[in-house]
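Data block below; observations after.
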Protein chains: 2
Amino acid sequence: MQRVVTIGGGTGHFAVLEGLKNRAELTAIVTSFDSGGSSGKLREEFGTLPFGDLRRCLVALSDSEQLMRDLFEYRYSENGSLQNHVFGNIFMLTLVKVTGSYESAIEELGKILAIKGKVLPCTLEDKINLCAELDNGKIVKGEDKVGQYKLHYNLEIKRVFLEPQPDAYKKAVKEIQEADKIVIGPGSLYTSIIPNLLVRGIPEAIKQSQGKKIYVVNIMTEHGETDNFTASKYVSEISKYLGDGLHYVIVNTEIAPEDLKKLYEEEYKYQVEADIENLKSANYEVVIGDFLRHSNLLRHDKDKLAKAILDI
Amino acid sequence: MQRVVTIGGGTGHFAVLEGLKNRAELTAIVTSFDSGGSSGKLREEFGTLPFGDLRRCLVALSDSEQLMRDLFEYRYSENGSLQNHVFGNIFMLTLVKVTGSYESAIEELGKILAIKGKVLPCTLEDKINLCAELDNGKIVKGEDKVGQYKLHYNLEIKRVFLEPQPDAYKKAVKEIQEADKIVIGPGSLYTSIIPNLLVRGIPEAIKQSQGKKIYVVNIMTEHGETDNFTASKYVSEISKYLGDGLHYVIVNTEIAPEDLKKLYEEEYKYQVEADIENLKSANYEVVIGDFLRHSNLLRHDKDKLAKAILDI
């Protein structure tokens, strides 16, 4: 089986992992800089590594019964002490407390959830903030704030950075170095994908690796973060942090059904324009095709995407 | 193997279960009326059955690795949203949310913890309060308050009762009816043991059962609840709620080491006086002996106690 490393976080990453599960020797490398929601709340209270993306990836790779997966994703809505907490995050926090380390906790959780593959945070450092510098020099701090910068500023992001600068988790570096394929994205550009590339040691390992480097462009823009972004804009942003290292760019060219697009437009989300003409490059090959899932959600189809990745 | 039903809750129950585990076909029947601590907090916020005693029994009967047991008993001490919560209680609450019923949640948890035997709440009704009427007619309401009545009143308990009056969990009734032996206690008299006997259907089932009925008298008095109680006082209180149904009463007659007793006395806890002369009865046989654990804790030795129960 091919050794595939995926780099990302969030919902997009989930589809890649579910598609490649059982078809490749998988390692998911994920961000751990959440500053909002349940993960952010636990981070604030306990100074812990935020577990949101780790948890989602563990569940995606889990071979345990549906009940256990439902349990992990259960979110408390009632008023009170558990409000907004996701059970899986509390589970991970308690495992860290009992085992005494992030590494052991993630390993034990992998066993409890019977995961197929590995899930590794890009760094084990737990007090790291994602920041963005806007065109006018203004600094936006915190993953939740960076993900909404366009709601507050009519400006572009000049660069994103981490503060303080973390070093990569050594096991993640090793997996990247030894991979046959490295799949970056899909996922939230500035808050899930690029943050991995800001960790000292991760982009270096990607460049050194003999593995084929593949970037999967998102299906939909995200309101507040990538409004109006075309496929080439996604790629050029990634290249800012990764240099000329990409070998393949996967772009969906299937147009989504009008009625569904209308629904998404109500939330200011639009299908990413496949501006292939702007993607010509000597460095990478563009893989176009229908990667759309036939459902009420405009997302990547896990099987179509997995096939494209494995066929490369 | 003998079919043994244990009735209780709390630390005393733990020793019985650990001792009989793997030596008998075990069913633990436990109270679910906590009103303090982590269980009480969840009960207050979520209107849920309090899980404290259920959780402890499940852990006692668990065959899973130590890590899982440590995880379940982990209590958050940090300030913040999880303060005082025991992880196992949150786990059980989330299972109830995801499965939709107490029965399924307890069953699934039994599987997750790989328990040997069964753990059943005496009732599935979840809005029940333990109350005590004192000698002067004063009513004390809530398990936590009943367990400390002597700290506030220089009075005896005339009777304890449940409000509203719950019906027994049918599976618990069936196990009692079919048991070879029914072991009541040791454990907190008014807050862990007698509450089971207040549930409509439980004392009736004990009386009907052909099984041998055994009451295990506590090793130590409990400050606020059973100060100055002798062995015969424990038995007479149990008999108030159970009638003449007991066949055997197990009383420890080994005197605890002086230095340990001194330590306990600092917390106003004393060894229960084995006033055997007051225990003569035509109805039951008194089993005396050394049931003391050799440790820094004045508790029943699980193996000595298990042997006595199985030998009857």
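To find a chain, count down the sequence lines: A is the first, B the second, and so on, and within it residues start at 1.
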- Indicate yes or no: at least one non-hydrogen side-chain atom of A/M68 is less than 4.5 angstrom from one of B/E108. no

- Query: At what distance, to the nearest 0.5 angstrom, does CD1 of B/I112 lie from CG of A/L71?
  - Reply: 6.5 Å

- Please say whether more than 12 non-hydrogen atoms of neighbouring residues, nucleotides or ligands are located less than 6.0 Å from NZ in A/K118. no

- Can you tell which of A/L42, A/T94, A/L95 has the highest number of heavy-atom pairs within less than 4.5 Å of chain B? A/T94

- Task: Please determine, among B/N79, B/L93, B/D70, the option with the most heavy-atom pairs under 4.5 Å with chain A.
- Result: B/L93

- Around A/Q165, counting heavy atoms of other residues, nucleotides and ligands shown, do more than 12 lie under 6.0 Å from its CD? yes

- So does B/K145 have more than 12 non-hydrogen atoms from other groups sitting under 6.0 Å from NZ? no

- Heavy-atom proximity to chain B below 4.5 Å, by part of A/Q83: neither

- Around B/K41, counting heavy atoms of other residues, nucleotides and ligands shown, do more than 12 lie under 6.0 Å from its NZ? yes

- Item | Gap separating the NZ atom of B/K111 from the CD atom of A/E65, nearest 0.5 angstrom | 6.0 Å

- Task: Hey, can you tell me if B/F87 and A/F91 have their rings parallel, tilted or perpendicular (30° and 60° cut-offs)?
- Result: perpendicular

- Task: Please flag which part of B/E73 lies under 4.5 Å from any non-hydrogen atom of chain A: side chain, backbone, both or neither.
- Result: neither

- Message: If you count heavy atoms of other groups shown closer than 6.0 angstrom to NZ of B/K21, is the number above 12?
- Response: yes

- Item | Closest approach of B/Y76 to A/I90 (non-hydrogen atoms, all atoms of both residues) | OH-O, 3.9 Å

- Query: Okay, side chain of A/E45, backbone of B/S81: is any donor-acceptor separation there less than 3.5 Å?
  - Reply: yes

